[in-house]
Amino acid sequence: MIALTGTPRPALPQLRLMGIAVPIAVLLALVPSFANSYQTLLLAYGLIIAIAGLGFNLLLGYTGLLSFGHSAYFGTGAYAVAFMAQDLGVRSMEAYILCGLALSAIVSAVFGFICVRHTRIFFGILTLALSQVLWSLALKLFWITGGSDGLRVPRPTLLGGMLTYTGGGFPRFISYYYYYVLVLFVVCVLVMWMIVHSPFGKALQAIRDNETRAAFLGLRVRRFRWVAFLISGVYTGLAGVLWVPLNGLTTPDILYWPFSGEIVFLTLLGGFRNFTGPIVGGIVFTFLKTYAVATTEYWQILLGVVLVVLVLVLPTGIVGALAQLIGRLWPQRAD
Amino acid sequence: MEILAIQILNSLFYASVLFLIAAGLSLIFGVMNIVNLAHGSLYALGAYITAWLIGRAIAGGSGASAIWLFLLMPIGALAVALVGAVIEPTLLRPLYRRAEEYQLLVTFGLLLILEDVMRFVWGGLPLTADTVVDALPIVRILGQLYPAYNLVVIGIGGIAALGLWAFVYRTRFGVMLRATSQDRRMASALGLDVGRVYILAFAIGCFMAGLGGAIVVPSQAAVLGMGVDALVLAFVVVVVGGLGSLKGALVGALIVSFVRTAGIQFFPEVELAVLYLIAGIVLLVRPTGLFGTA
Amino acid sequence: MLEIEDVNTFRGPAHVLNGVSLNVGAQEVVCLVGRNGAGKTTTMESINGLLPVRSGAIRFRGEDMTRLPAYKRARRGIGYAPEGASIFPDLTVSENLMMSRWLSEKAVRARGDGAEVNIEDRMFSVFPEVRPLLNRRGLNLSGGQKKMVAIARAMALSPYLLLLDEAFEGLAPAVVGRFRDAVITIKQMGISILIAESNLVNAAAVADRLYAMDRGEIIFHGSPQDALANEDVMRTLRG
Amino acid sequence: MALLQTVNLTKRFGDFRAVNSVNFTVNQGEFLSLVGSNGAGKTTLVNLISAQLWPDTGQVLFEGRDITQATVFQRIRAGIARSFQLVNLFDRLTVLDNVSLAIFSREGKARNLATLAEGDREVRTEAMDVLGLFGLDTKRRLLAGGLAQGERKLLDVAVAYALRPKILFLDEPTSGVGTRDKAQIMDTISAVVRAGTVTAVVIEHDMDIVFKYSDRIVVMHEGAFLADGLPAEIRVNKEVATVLLGAAVPG
């Protein structure tokens, strides 16, 4: 209901975006110069998972579809890299990205075609079921996937070897890889921002708000949902591609349902009714998880409890709550 | 021929368990319009509690007789029902007026919590109650050896289906349950305390899931992850049969069990995929399932 | 019997009832007339608790019911037959009727005023037509039959007050007479009735008193004759 | 030539005939009102014409072509638009976006995901024109969910109108609307009809409005047509008076 108060929105969203995004991007770019390589590594993980969150939220926040199976696309991206590294001996990060995107596009196109015939819970469980199929395949076809041991992925070459980090060891790799991720992250944010502010994005939001009326505007609802699903899957797949070289290993765990749950969680944590929600959620989540896992073995309970509490008392997430707070402290001038 | 008979019995055994889970899921959906994502975990909880109780009973000495062990099963199911009776008013009730996403998210949070609680309490090791199976004889069916316990489970499945049908269609509470599911507002305007019906319906649904877990655990160990597998399978069942329909849950459970048995026989690597394929085809052809309405 | 005082009710963001006050005396038939969207159904649902009121008071037989849940109000003796009848489609007529009877049994006994004596007679004396329908499912009733069952079902609660929303709407002219008679019969049993009605002629034929409503406010209160003679009321009702 | 025509159109719900063998004709450029008591079948008829429901028997012809089997999408593209009895908006989009989206859809631009919606000057200008027509231009930046009831009704009609349909069905456009907004809605609709850009079919209960604005009035009762004629004819029709107003109403 907070969203319905009818506060006027600023005239030029482009300007507002630049005003917020540029300082933050500069800040992010400076991080490796003052943070140690472990914190840089965590932030890189955070940015990667934020890309997955952005993709996920195109479905949840903008299209009104709650997927419990986004691990499938993340895993597809990750395994695509692992197969290329192991079976084809490819080392180029750019080749990983291209093939990873293609493969996750194919998988999400097929899965999406099945899932968008349904909405609400049917959609949710279908996505869950399909991701479980991939998970069980990854476990059982061990001669291809390495089973529960997973597949190792060596450090790739960046920009066709133009960025060399050999000799610099792990810290050097991290700082280069961090910038690599940051650039892609910025591109992803800009592209997603464009998508949600495009006529297509508005159509998705219309479908979310009122499916029947959208159909009576002549919008082909199912097709729009399918394209949204595809984009969402590709984003999450890219996150998987970027994640593997950092982790050095991919296991079926990233295809398993709790991983989908983490994507759901971080989006809700940040706030799924905001564009920036999943970004903030992804970064906060990564740090939260790292420190929580270090202190307790029962990370999932914490996740579940926080999720329930979020839904019951803070349904707009961190960004939503901040926006409300700011709105209360500095009421916007009506223009 | 003999193999076929055994396979049919195996399918029926499996159908009994699946029916219990799916019928609970369907009942809760039919009455309160909520799909409980933690339903599979409640089934797992029933399995763990029952296995644990039986384990304690045996550890407590007394050459345990099978009959005595059978009495522990409903206790496992009742404990799960109790959990349900706590969950509904505290976690779900505040959400009936909110968007559906939130209901799904809360039951999903519950799923995460329950899975870890079970890991916390019982650790990562499988927990069995196979003494119950051992206490019953092995029977000969067309020359093949077959555990009598499985026949008992098939019997329980049949009785549960009949009992649930009688409960919903032949009792006063069943009338109120159906009235609530058809028109909650009108039911309350006629003097029905819908809140109480909700708690009871949810608890009964949980009881069914818990009972499913309780009867499966003597022949299959309770393990982590069984809950989500069960949730997804139960969902396949209700998708095939139609969400909210008791008949659908029964027919769906039978179809899924037979397909799964055949799948294990012929495509052992991808039996799950075969099941989802079936569900997918049914959804493409008949989006509301075989007996679904809305 | 029933007094409602300065009630404000919202449906979502819309302020539907704006300071509505009215009362129904013992054994009285009161009509609430107004066009579609005037707030009649909202008034009914505010009285029986299906909609929460934002402010104001609702008293029934001397007891303040403003914050009571709907089911408790029903058990206190407020019967309700909504506009679309809302017969449970997959229940038989007999299940539809018995449900409210079972639910009210204890409450009626607790009231101890002997109202329980012949619920069945009362139920069927208003509409004997319902008796042969007992085994039919709600789904398979015609519009008129549904309305009859809805009234019989409300009678099964042994109410002190009946709320009938659009009791005569969608009925063939011949059947309308049948329903008017039913209202008289119910009144003679000592039960008060509040009818929401958009047709002034039907309202005038059965009402002892009449309230006219427009845009969520009571704009007129008086006898049916006064209403028919009041040019403003007539114009508002016709639109 | 009739713009839209139904031939023996019938829709049953169980054994209840909601629309019973209706032959309905709408002529190019007219303002037609569909009246009748609740449950007479008006909304069902509109639902059948807009493909919200499918008929049991009978045909729907639009510009002489049989569109009985056409989907919602095909009918919208052919030029049939409608509004809804209960306001049906995109509550979390702005007023401007609600109208713009109709234009994007009409122009086939809704698929475009590489431009900014607000950057399309043509669409924006047209959307502002439509909003201006309905007196909503000052509210363009508000979220639709935050509008008052009367404004929501207006926007609902504006969105359907922005599709630039050949025929526009309006289901109770003035219910729950204040007198001022009521007049504005009806004046706007009748103005665009008079300008010859659209044919309007309006379901309406308010007989003053019906008599004031309609070129022709069709009265429905129990799923069938009771009367069909000019306002002057309908006004004096005894049968209609009985059904709509109750028999002996003076005045």
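A note on names: the letters A, B, ... follow the listed sequences, proteins ahead of strands, and every chain is numbered from 1.
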Step through the shown structure and confirm whether more than 12 heavy atoms of other residues, nucleotides or ligands are within 6.0 Å of CZ on C:R67.
yes
Return the minimal non-hydrogen interatomic distance between B:S188 and C:A74, and the atom names on each side.
O-CB, 4.2 Å
Which pair of non-hydrogen atoms, one from B:L192 and one from C:Y71, has the smallest distance, and what is that distance?
O-CB, 3.1 Å
Check B:A189 against C:Y80 and note the closest heavy-atom contact, atom names and distance.
CB-CD2, 3.8 Å
Here's a test for you: under salt bridge (Lys or Arg N to Asp or Glu O under 4.0 Å), which of B:R178, B:R172, B:R170 qualifies with C:E95?
B:R178
Which bit of C:L157 is near chain B, if near means a heavy-atom gap under 4.5 Å: side chain, backbone, both or neither?
side chain
I need the minimum non-hydrogen distance between B:M186 and C:S86, along with the two atoms involved.
CG-O, 3.5 Å
Kindly give the heavy-atom pair with the smallest separation between B:M176 and C:L103, and that separation in Å.
SD-CD2, 3.7 Å
Do you know the tightest heavy-atom contact between B:A179 and C:M99?
CB-SD, 3.3 Å
Is any side-chain heavy atom of C:L91 less than 4.5 Å from a side-chain heavy atom of B:Q182?
yes
Does B:R184 have more than 12 heavy atoms from other residues, nucleotides or ligands lying within 6.0 Å of its CZ?
no
